[in-house]
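One structure, as C-alpha cells, below. Some questions next.
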Amino acid sequence: MSSVLNPPYYDPYDFDIDADPYPVWKQLRDHHPLYYNDRHDFYAVTRWDDVEAGLKNHEVYLSSHGTLLEMIKADMEMPPGMVIFDDPPSHTVYRGLLSRVFTPKRMNAIEPQVRRYCAEMLDSLAGRTRFDIIEELGAKMPMRVIGMLLGIPEEDQQALRDKSDAGLRLDRGDMDAAVHNMSNSAAEGDFGEYLDWRKDNPSDDVMTQLVHAEFTDHTGERRNLTRDEILGYVMLLAGAGNETTTRLIGWTVKTLAEYPDQRRELVDDRSLIPNAIEEMLRYEAPSPTQARYVATDVEVHGQVVPEGSAMLFVDGSANRDERKWGPTADRLDIHREIGHHLSFGYGLHFCLGAALARLEGRVALDEILSRFPEWSVDFEASERAHTSSVRGWDKLTINVN
Ligand code: HEM
C-alpha cells in the first residue's frame, strides 16, 4: 500500500509508490492538477482532460528528446527510425512507412498463428496445478509473435528479448539507474546480423519489406531506408511490443482473480472478451506515463511551465479520473462503455501495435479460460516488474483448479 503524503509526493522511480500509485494520483488530480517534482525536476498532469489534450499537442510537447524522463534528462541523441522518439516532419514520414508494412489487415491475418503459439504454450502446462503465467505465456508469446512478423529465427528470439528487456529494467528505484540502463541498451541493440542475412534471404516478413521499401523522406529525397533506420525500426518494434504486452497479460490474470464473478461471465460468454481486454487496458495501464520535452513556455492550470522542462503525462491516472469515468472509475467492469482510454497514448504517437496488442490479449485470455476457468494468485511467490515506464508483474504465480 503506498503512503499518501501531504503535500503529496509522486515519483515513477519509487518502487513503493509504483506498487499502488492510485491514491497519490487521485490526490494529485484533486489538489495538484499540475504537479512539480523538485527531486527529479519534472512536471506531471494526471486528469483525463489534461493528459488527452497534452498528448495531442505535439507542437508544445516534443517526443524527439525521448519519451522517458531519464532520456530527456540525459539529453540523449535519438536513433533514426524510432518514430516514438520523433516529431513531425520526419515522424510523419517514418510512421507512414511503418504503417504501410504493419497494417491491421496483416495483424488480423496472423490470428490463427498467434492462437496456435498460445495453445502450444498452455497445453504444455496440462496436469500442473501451479505455475508462473508470465514465464509460461506472458513473456514468451509477444516475442514469438513479433519474431515471426520480423522474421527472426525462433531459437534466437528469447536471447533478443532478454537483451531488450534488460535495457528497460531498473535494479534500483532511481533515475541514475535508469539513465545507465538506457545508454547500455542503445549500445547493445544488435539485430544487425539478421538484417544482413535477410538482405540475402528475402522472405514475407516486415524486415524484408523494410529493406525493399522505397519512400520520399522529409527532405524530399526518394530512397530506401538506411541500415541504421531499419535497425531503429526493428529495435523499436521489439522494445515497444514485448514488455507492454507481457504486462497486459499479467494484469489480466491478476485482476480477474480479484473479480471472479466477471471471470465466470467471461468463461460462459467469450463474446465479452474484446471489451474485457479494453477495460483491462483502462483499469491497469501497462505503460502508465509518457514523458515529453516542453518546447516553449506554456501555461497549465494558471502556472507557467518553462521551455526545456520535462512533462509527464500520466495516462494511468487519466484512465481512473472520476471526472471522466464517474464514481465507478476504480472498479473493473467488463461491460463498461469505454469509448477510448489513453493506455495506447493519443494523437500522433497513438500505438501502432494496438491492433496486435488487442489481438494477443484477447487470444491469451480466451485460451487461458478454456483450460483454467479458475485460479488464484500466490503473491508470496510473485514479483513486480520495475521499469521507469512500464508497470506490472515480472513473475505471477497462480494456483489453478
Ligand atoms: C498492451 C500492449 C501495448 C501498450 C500498452 C502500448 C502502449 C503504447 C503507448 C502508450 C504508445 C504511445 C507512446 C507515446 O505517446 O510516447 C505506443 C506507441 C507505439 N507502440 Fe505500443 N503498446 C503496446 C503494444 C505494442 C505492440 C505489440 C507494438 C508493435 C509490435 C507496439 C508498437 C508501438 C509503436 C511503433 C509506437 C510508436 C508510434 C509513434 O510514435 O508514432 N506497441 N504504444
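Worth saying up front: this structure is predicted, and the values here are computed from it rather than measured. Counting starts at 1 for both ligands and their atoms, following the listed order.
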(message) Rounded at 0.5 Å granularity, tell me how far CG in L281 sits from CD1 in I277.
(response)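 Taking CG in L281 and CD1 in I277, the distance rounds to 7.0 Å.
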(message) What's the separation between atom CH2 in W25 and atom OG1 in T46, rounded to the nearest 0.5 Å?
(response)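 Rounded to the nearest 0.5 Å, the CH2-OG1 separation comes to 9.5 Å.
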(message) At a cut-off of 2.8 Å, what protein N/O/S atoms sit near atom 21 (Fe) of ligand 1?
(response)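 Within the sphere that stays under 2.8 Å of atom 21 (Fe) of ligand 1, the protein atoms of type N, O or S are C351 SG.
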(message) Looking only at protein heavy atoms, which one is nearest to atom 16 (O) of ligand 1, and what is the separation?
(response)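 Closest protein heavy atom to atom 16 (O) of ligand 1: R292 NH1, 3.0 Å.
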(message) Between Y36 and D41, does the side chain to side chain donor-acceptor pair (under 3.5 Å) criterion hold? Intermediate values first, please.
(response) CA-CA 7 Å; Y36 177 67; D41 183 27; 2.6 Å; yes
(message) Please list the nearest protein heavy atom to atom 13 (C) of ligand 1 with its residue and the distance rounded to 0.1 Å.
(response)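 Checked against all protein heavy atoms, atom 13 (C) of ligand 1 sits closest to Q290 OE1, 3.5 Å.
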(message) So, taking the atom named CD in Q290 and the one named CG in L312, what distance separates them when rounded to the nearest 0.5 Å?
(response)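 Taking CD in Q290 and CG in L312, the distance rounds to 8.5 Å.
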(request) State the atoms of ligand 1, each with its element, that fall below the 4.0 Å cut-off from a heavy-atom position in P286. (result)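 Near P286, the atoms of ligand 1 are 5 (C).
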(request) Check each atom of ligand 1 against the heavy atoms of I146 and keep those under 4.0 Å away; list them by number with element. (result)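 Taking each heavy atom of I146 in turn, ligand 1 has 30 (C) under 4.0 Å.
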(message) Using 30° and 60° as the class boundaries, would you call the ring planes of W48 and H340 parallel, tilted or perpendicular?
(response)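 Plane angle between 30° and 60°, so tilted.
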(request) Could you check whether the rings of Y233 and Y94 sit parallel, tilted or perpendicular, using 30° and 60° as the cut-offs? (result)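 Y233 and Y94: perpendicular rings.
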(request) Run the ring-centre check on F313 versus Y61 and record whether the distance is less than 6.0 Å. (result)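 Under 6.0 Å, so yes.
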(request) Answer yes or no: is there an ion pair linking E278 with R282, defined by an N-O contact shorter than 4.0 Å? (result)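 The answer is no: the pair does not qualify as a salt bridge.
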(request) Determine the interplanar angle of the F42 and Y35 rings, folded into 0 to 90°, and report it as parallel if under 30°, tilted if 30 to 60°, perpendicular if over 60°. (result)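 F42 vs Y35 ring planes: perpendicular.
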(request) Take every heavy atom of H91, measure it against each atom of ligand 1, and state whether any distance is under 4.0 Å. (result)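 The answer is yes, since H91 has a heavy atom less than 4.0 Å from ligand 1.
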(message) Check for me whether R247 has a heavy atom closer than 4.0 Å to any atom of ligand 1.
(response)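 R247 does not count as a contact of ligand 1 under the 4.0 Å cut-off.
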(message) Using heavy atoms and a 4.0 Å limit, tell me yes or no: is L149 in contact with ligand 1?
(response)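 False for this residue.
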(request) Determine whether any heavy atom of S63 lies closer than 4.0 Å to an atom of ligand 1. (result)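 Judged by the 4.0 Å heavy-atom criterion, S63 does not count as contacting ligand 1.
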(message) Please report the interatomic distance CG(L55) to NE2(H349), rounded to the nearest 0.5 Å.
(response)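 With rounding to 0.5 Å, CG (L55) is 9.5 Å from NE2 (H349).
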(message) Show me which atoms of ligand 1 lie under 4.0 Å from any heavy atom of L348.
(response)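 Numbered from 1, ligand 1 contributes 41 (O).
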(request) Find all atoms of ligand 1 within a distance of less than 4.0 Å from any non-hydrogen atom belonging to L236, and give their numbers and elements. (result)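 So the atoms of ligand 1 that pass are 35 (C).
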(message) Between E52 and K324, does any side-chain N to carboxylate O distance fall below 4.0 Å?
(response)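 K324 and E52: not salt-bridged.
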(request) Could you grab the distance from atom OH of Y9 to atom CZ of R39, nearest 0.5 Å is fine? (result)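 With rounding to 0.5 Å, OH (Y9) is 4.5 Å from CZ (R39).
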(message) Starting from atom 40 (O) of ligand 1, what is the nearest protein heavy atom, named by residue and atom, and what distance separates them?
(response)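 Result: H349 ND1, 2.6 Å.
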(message) Considering non-hydrogen atoms of the protein only, which is the closest contact for atom 5 (C) of ligand 1, and what is the distance?
(response)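 Residue, atom and distance for the closest contact: S343 O, 3.6 Å.
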(request) Report the nearest protein non-hydrogen atom to atom 30 (C) of ligand 1: residue, atom name, distance rounded to 0.1 Å. (result)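 Sorting protein heavy atoms by distance from atom 30 (C) of ligand 1 puts F102 CZ, 3.5 Å first.
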